[in-house]
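Inspection log for the structure reproduced underneath, given as structure tokens.
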Amino acid sequence: MAVLPMGTVMKLTSLTARQIRYYESQGLISPERSDGNRRLYSLNDIDRLLEIRDYLADGVNVAGIKAIYDQQQAAAQAKRDAQQQPLTDEDVRRILQDEFIRQGGLGHPEPGLQQRPL
DNA sequence: CTTCTTACA
DNA sequence: TGTAAGCA
């Protein structure tokens with residue numbers, strides 16, 4: 001997935017090699033390495049760099065961008081965990097209660113709609 | 001010739 | 001960040 005060398009990335013992102021390497025040192029990107037220890041960037045790295053460039057232009061510092069990506073990573077991880085975890089009794093209880101209320105069991109008597117007797 | 005690391009301004 | 005030095 002990674003094939004682009006520094007020179008290409010520089011042109012594609014309008015960033016200097018110095019900046020690109022610095023963002024990497026700050027954990028914003030993780031390009032692969034290949035032959036003589038040369039960085040190989042993927043298309044995802046390019047997208048990320050463009051995003052970083054825009055954030056910077058909007059006044060967000062590197063630390064801030066780092067925080068954003070860390071949070072997104074945490075959120076994605078939490079979602080994965082949730083999807084692999086079977087529904088707990090608590091989840092089932094909440095779902096059934098929400099469904100009960102939605103069908104008009106209690107609360108919101110929508111104007112014009114007749115309540116369905118249970 | 002291109003990229004890399006390290007170090008100084 | 002820019003730039004220079006010395007390698008690979």
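Chain identifiers are assigned alphabetically (A, B, ...) following the order of the sequence lines, protein sequences preceding nucleic acid strands; residue numbering begins at 1 within each chain.
Using a 4.0 Å heavy-atom distance criterion, A:Tyr23 is classed as a sugar-phosphate-only contact.
DNA chain C forms stems at B:4-9 with C:1-6, each a run of 3 or more consecutive Watson-Crick or G-U wobble pairs whose two key distances fall under 3.5 Å.
Between A:Thr8 and A:Arg18, the residue anchored closer to the 5' end of DNA chain B is A:Thr8, taking for each the nucleotide with the nearest heavy atom. Taking for each of A:Arg38 and A:Arg33 the nucleotide of DNA chain B with the nearest heavy atom, the 5'-most of the two is the partner of A:Arg38. Looking at which nucleotide of DNA chain C each of A:Gly36 and A:Val62 is closest to, the 5′-most match is held by A:Val62.
Under the 4.5 Å side-chain criterion, counting only non-hydrogen atoms from C-beta, A:Tyr22 is in contact with A:Val62. With a 4.5 Å cut-off on side-chain heavy atoms, A:Tyr23 and A:Leu15 count as touching. The side-chain heavy atoms of A:Tyr41 and A:Ile20, taken from C-beta on, include a pair separated by under 4.5 Å.
Checked for salt-bridge contact, A:Asp45 and A:Arg48 miss the test: no charged N lies under 4.0 Å from a carboxylate O. In summary, A:Glu24 and A:Arg21 do not engage in a salt bridge, as defined by a charged side-chain N under 4.0 Å from a carboxylate O. Under a 4.0 Å N-O distance rule, the pair A:Asp70/A:Lys66 qualifies as a salt bridge.
Few gaps surround CG on A:Leu50; more than 12 heavy atoms of other groups in view lie less than 6.0 Å from it.
Nucleotides of DNA chain B with any atom under 4.0 Å from a heavy atom of chain A span, from 5' to 3', B:dT2 to B:dT5. Of all nucleotides in DNA chain C having an atom under 4.0 Å from a heavy atom of chain A, the first and last in 5' to 3' order are C:dT1 to C:dA8.
For the side chain to side chain donor-acceptor pair (under 3.5 Å) with A:Asp81, the qualifying choice from A:Gln83, A:Gln77, A:Gln85 is A:Gln77, the only one to do so.
At a threshold of 4.5 Å between side-chain heavy atoms, the hydrophobic network of Ile, Leu, Val, Met, Phe, Trp and Tyr places A:Leu87 and A:Leu96 in one connected group.
Closest heavy-atom contact between A:Ser34 and A:Leu40: CB-CD1, 2.9 Å.
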